[in-house]
Amino acid sequence: MSTTFQIDTATSRATPTPAPMKRLTIPAIRRRKVDGATAEPIVMLTAYTARQAQLLDAHCDLLLVGDSLGQVIYGLPSSVPVTLDMMAAHGAAVVRGSWHAAVIVDMPFGSYEASPQQAFESAARIMKDTGCAGVKLEGGVAMAETVAFLSARGIPVMGHIGLTPQAVNVLGGYGARGRSDAESAKIIADAQALAQAGAFAIVVEGVVEPLAIAVTHAVPCPVIGIGGSAQCDGQVLVAEDMLGLFERVPRFVKRYADMATLVSEAAAQYAADVRDRSFPTVDQTYQPKR
Ligand code: KIV
């Protein structure tokens with residue numbers, strides 16, 4: 001994509017240059033996979049804040065307000081304690097900070113599993129509070145009825161199968177899934193059930209590569225891999241992992257920057273300036289254009 005975005009400091013919006021463009025829609029994302037193939041892979045990253053969305057938006061087809069914000073933003077031990085209030089607040093911030101990508105918001109644990117009706121109420125609240133384009137939920141065959149219920153009522157749903165972090169207490173950890181034939185067959189059946197139910201796309205996380213490819217071939221809708229295979233219809237990563245903000249990341253994450261070192265060095269320099277009273281009253285090193 002050749003479009004660049006400039007930050008309008010008056011409105012704090014990321015303004016596309018040269019011309020405003022329409023936000024990508026869910027049908028447009030769904031149409032990227034034709035006859036089982038996606039010519040242009042779908043780019044998705046997580047975003048949790050308005051500023052992060054402004055910076056990532058131009059480069060992405062989809063921004064995911066993932067419930068991984070529990071660990072990344074709130075320092076929680078897993079995504080299990082994440083609430084609808086958290087997802088609604090961060091989802092709204094990301095929609096405010098983006099122009100181009102379709103924004104998907106995760107349904108948090110406990111907000112959708114009890115019944116399709118519970119899922120509808122939670123998803124409708126997320127859509128109303130945030131203005132997002134759709135929601136994501138974890139689970140395959142067990143969630144197919146819910147996905148059909150939501151899709152039939154105007155809520156685009158992205159599925160999430162394979163390693164499903166909200167089920168960490170059942171799975172016993174975050175290890176790769178699909179290592180046995182039985183588990184592989186179950187994950188393919190999960191994908192097919194979600195696609196049949198109307199999911200517009202499916203995230204497949206933490207599965208062995210042949211299974212990620214098999215899932216991609218097994219369904220007509222786009223399959224977005226995370227730690228699966230480059231052959232999926234698209235890829236997603238947690239932005240903070242990709243930016244190198246954490247020392248420890250899953251093995252499949254490629255780091256494109258070393259932000260942890262940059263932040264630490266900047267903070268150390270600031271602390272040194274304050275302590276030796278050389279802290280400038282006017283920033284002489286960085287002048288943003290007004
Ligand atoms: O919560 C999240 O960030 C996710 C992605 C890792 C797919 O679900």
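Just follow the structure's listing: the first ligand is 1, and inside any ligand the first atom is 1.
- A salt bridge between Asp61 and Arg32 is present, with a side-chain N of the basic residue lying under 4.0 Å from a carboxylate O of the acidic one.
- Of the listed options Gln71, Met44, Lys136, Lys136 places a heavy atom closest to atom 8 (O) of ligand 1.
- Residue contacts with ligand 1: Ser68 is placed with a nitrogen or oxygen under 3.5 Å of a nitrogen or oxygen of the ligand (distance criterion only).
- At a threshold of 4.5 Å between non-hydrogen side-chain atoms, the residues Leu62 and Met158 count as touching.
- Under a 4.0 Å criterion applied to the non-hydrogen atoms of Thr46, ligand 1 contributes the atoms 3 (O).
- A donor-acceptor pair under 3.5 Å is absent between the side-chain atoms of Arg96 and the main chain of Thr49, judged by distance alone.
- Below 4.0 Å from some heavy atom of Asp106 lie the following atoms of ligand 1, by number and element: 1 (O), 2 (C), 8 (O).
- Contact annotation: for Asp67 versus ligand 1, heavy atoms closer than 4.0 Å belong to both the backbone and the side chain.
- Side-chain atoms of Gln52 come within 3.5 Å of backbone N or O of Tyr48 as a donor-acceptor pair.
- Here is the list of ligand 1 atoms found below 4.0 Å of a heavy atom in Ile226: 6 (C).
- With no hydrogens or angles considered, no side-chain donor-acceptor pair links Asp181 and Ser184 at under 3.5 Å.
- Residue Leu69 does not touch ligand 1, judged by heavy-atom distances below 4.0 Å.
- For the residue pair Asp85/Thr83, the side-chain donor-acceptor check at 3.5 Å is not satisfied.
- From the protein, the heavy atom lying nearest to atom 4 (C) of ligand 1 is Leu64 CD2, 3.6 Å.
- Under the 3.5 Å distance criterion, the side-chain polar atoms of Asp106 are left unmatched by any main-chain donor or acceptor of Pro108.
- Those atoms of ligand 1 that come under 4.0 Å of a heavy atom in Gly66, given as number and element, are 1 (O), 2 (C), 3 (O).
- Under 4.0 Å from ligand 1, not a single heavy atom of Leu237 appears.
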